[in-house]
Asker: 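Got a structure here, written out as structure tokens. Questions coming.
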Amino acid sequence: MDEVKQIVSDIKKGNIKPIYFLMGEEPYYIDRISEYIDKNVLAEEEKGFNQMVLYGRDVTIDDIVANAKRYPMMADRQVVIVKEAQELSRTIEKLADYAENFQPTTVLVVCYKYKKIDKRKKLYKVIAKNGVIFEGKKLYENQVADWIRRVLSGAKYTIEPKAAQMLVEFLGTDLSKINNELEKLKLIIPLGSPITADDIEENIGISKDFNNFELRKAIGTGNIVKAHKIINYFAQNPKDNPLVVTISLLYGFFSQVLQYHGLSDKSPRNVASALKINPYFVKDYSEAARYYPMKKVSQIIGVLRDADVKSKGVGAVSLPQGDILKELLVKIMG
């Protein structure tokens, strides 16, 4: 986010580069930067003749260069935005000659999603010298809740840790999907108000009581009654609660519990740092570690691997999701 803020800040100050090459696995900020340039570099009356959008599947590198070499009409500069440029991955290096001898009155924006160009080759080196290269990196799951908090903080909102975790577990690491839901929440919830688990349940449809977060907590504290209730709910609503997600999250949780057992310094600050979790959740791991000794945790990780294989139809004849979950729960908490 800091790199994105710097790019936007420079553009606001008039420090506009001739080439912006936006690449990487995470498309969210590629879209945000290109949208900002689209809306803000030219005045509305200048855009008709001096702003164009090309699509990688419809053009060649030669087409892009020909458009970029044009002179602006009745304006100081023109903007050329190339979307879906990853479609040109086989020939993208041909853009190096233009990047070396760019048209100074053109702002060329290349949106190269889900891929990266080779840093050892000429194109990368020349753009790094003459323009801006931005790489959108995929966030790890344990980083997304913090990203949610930072985005909301910038909009003068706060969010409860449980509410943020519910969003992560329901929407995964897709920042665009998460941002769409945050935008909906900001329309509904008064400015400055904290976003709670109740808000998530009411407005996004994620149950605050029957979700993977609560299942993990119930198992971690040995609350077998609550764990069974959640699993029964999952069995009745399999589309909203995919088995593969539940197993993956439980596997991640117990892997971290195993890591917790191995820590010599179990102070909350060190645990949060070592496990890369919000300090708010440290108590969940300390409780789980008391309930499940290291040897038991190792066995549980093996059980979860077996359940993952079964969920994919290996070694089991189309077992229903509910049956796999119930068997898993017995093996973990039995």
Side-chain angles (χ1 to χ4, degrees), residues 1 4 25-32 35 113 136-221 223 226-253 256 276-281 283-284 311 321-322 325:
M1 284 181 69
V4 176
E25 294 179 10
E26 176 51 64
Y28 177 78
Y29 284 116
I30 294 175
D31 289 336
R32 298 291 81 76
E35 285 171 9
K113 294 181 179 179
K137 297 179 180 178
K138 204 80 173 173
L139 294 185
Y140 294 111
E141 193 170 286
N142 59 27
Q143 297 173 311
V144 179
D146 185 55
W147 179 86
I148 292 171
R149 284 188 290 275
R150 291 179 68 186
V151 167
L152 289 173
S153 176
K156 311 296 186 194
Y157 285 90
T158 58
I159 186 169
E160 292 179 350
K162 179 180 175 180
Q165 196 65 30
M166 285 169 64
L167 284 172
V168 176
E169 293 187 356
F170 188 71
L171 299 170
T173 59
D174 189 322
L175 301 188
S176 295
K177 281 185 181 178
I178 294 171
N179 186 67
N180 288 341
E181 298 301 335
L182 295 180
E183 290 299 320
K184 293 176 190 175
L185 289 168
K186 285 190 282 185
L187 290 173
I188 298 164
I189 296 167
L191 184 65
S193 297
I195 296 171
T196 67
D198 287 332
D199 293 324
I200 301 297
E201 180 175 54
E202 183 178 344
N203 298 294
I204 299 180
I206 310 170
S207 172
K208 73 177 191 300
D209 297 315
F210 298 97
N211 55 63
N212 283 304
F213 174 79
E214 290 297 329
L215 176 63
R216 188 184 73 184
K217 193 170 183 179
I219 292 175
T221 56
N223 190 338
K226 185 175 181 181
H228 270 294
K229 285 181 179 179
I230 295 171
I231 276 180
N232 288 333
Y233 178 85
F234 284 5
Q236 293 165 14
N237 301 274
K239 289 184 179 179
D240 294 332
N241 303 279
L243 179 59
V244 64
V245 173
T246 299
I247 292 174
S248 174
L249 291 170
L250 287 175
Y251 182 86
F253 175 66
Q256 288 174 307
K276 296 181 172 60
I277 58 173
N278 188 306
Y280 176 86
F281 298 113
K283 64 180 183 297
D284 294 345
S311 72
Q321 173 173 318
L325 280 171

Asker: Hey, are Lys138 and Glu26 close enough for a salt bridge, meaning a charged N less than 4.0 Å from a carboxylate O?
Answerer: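 Judged by the 4.0 Å cut-off on N to carboxylate O distance, Lys138 and Glu26 do form a salt bridge.
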
Asker: Does NZ in Lys186 sit with more than 12 non-hydrogen atoms of other residues, nucleotides or ligands closer than 6.0 Å?
Answerer: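 For Lys186, atom NZ is crowded (more than 12 foreign heavy atoms under 6.0 Å).
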
Asker: Treating Lys162 as the side-chain partner and Lys208 as the backbone partner, does any N or O pair qualify as donor plus acceptor under 3.5 Å?
Answerer: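 It does hold such a pair.
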
Asker: Does the distance from a Lys or Arg side-chain N to an Asp or Glu carboxylate O, for Lys113 and Asp31, drop under 4.0 Å?
Answerer: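 Result for this pair is yes, salt bridge flagged.
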
Asker: Salt bridge between Glu35 and Arg32, side-chain N to carboxylate O under 4.0 Å?
Answerer: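 A salt bridge is present here (some side-chain N lies under 4.0 Å from a carboxylate O).
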
Asker: So, for Phe281 and Phe213, is the gap between ring centers shorter than 6.0 Å?
Answerer: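 Close enough - the centres of the two rings lie under 6.0 Å apart.
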
Asker: Do Thr196 and Asp199 pair up side chain to side chain, a donor and an acceptor below 3.5 Å, judged on atom types alone?
Answerer: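 On atom types as modelled, these side chains qualify, holding a pair under 3.5 Å.
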
Asker: Donor-acceptor pair, Asp174 side chain versus Lys177 backbone, under 3.5 Å?
Answerer: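 The answer is yes, because a donor-acceptor pair under 3.5 Å joins these two groups.
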
Asker: Ignoring hydrogens and angles, tell me if any N or O in the side chain of Asp146 forms a donor-acceptor pair with the backbone of Gln143 under 3.5 Å.
Answerer: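 It does not hold such a pair.
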
Asker: Hey, does the side chain of Lys283 reach the backbone of Tyr280 with a donor-acceptor pair shorter than 3.5 angstrom?
Answerer: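 At least one qualifying donor-acceptor pair exists.
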
Asker: Is the ring pair Phe210/Tyr233 parallel, tilted or perpendicular, if the boundaries are 30 and 60 degrees?
Answerer: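 Aromatic pair Phe210/Tyr233 classed parallel.
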
Asker: Roughly how far, to the nearest 0.5 Å, is CD1 of Ile206 from CG of Asn211?
Answerer: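 Reported value, rounded in 0.5 Å steps: 8.0 Å.
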
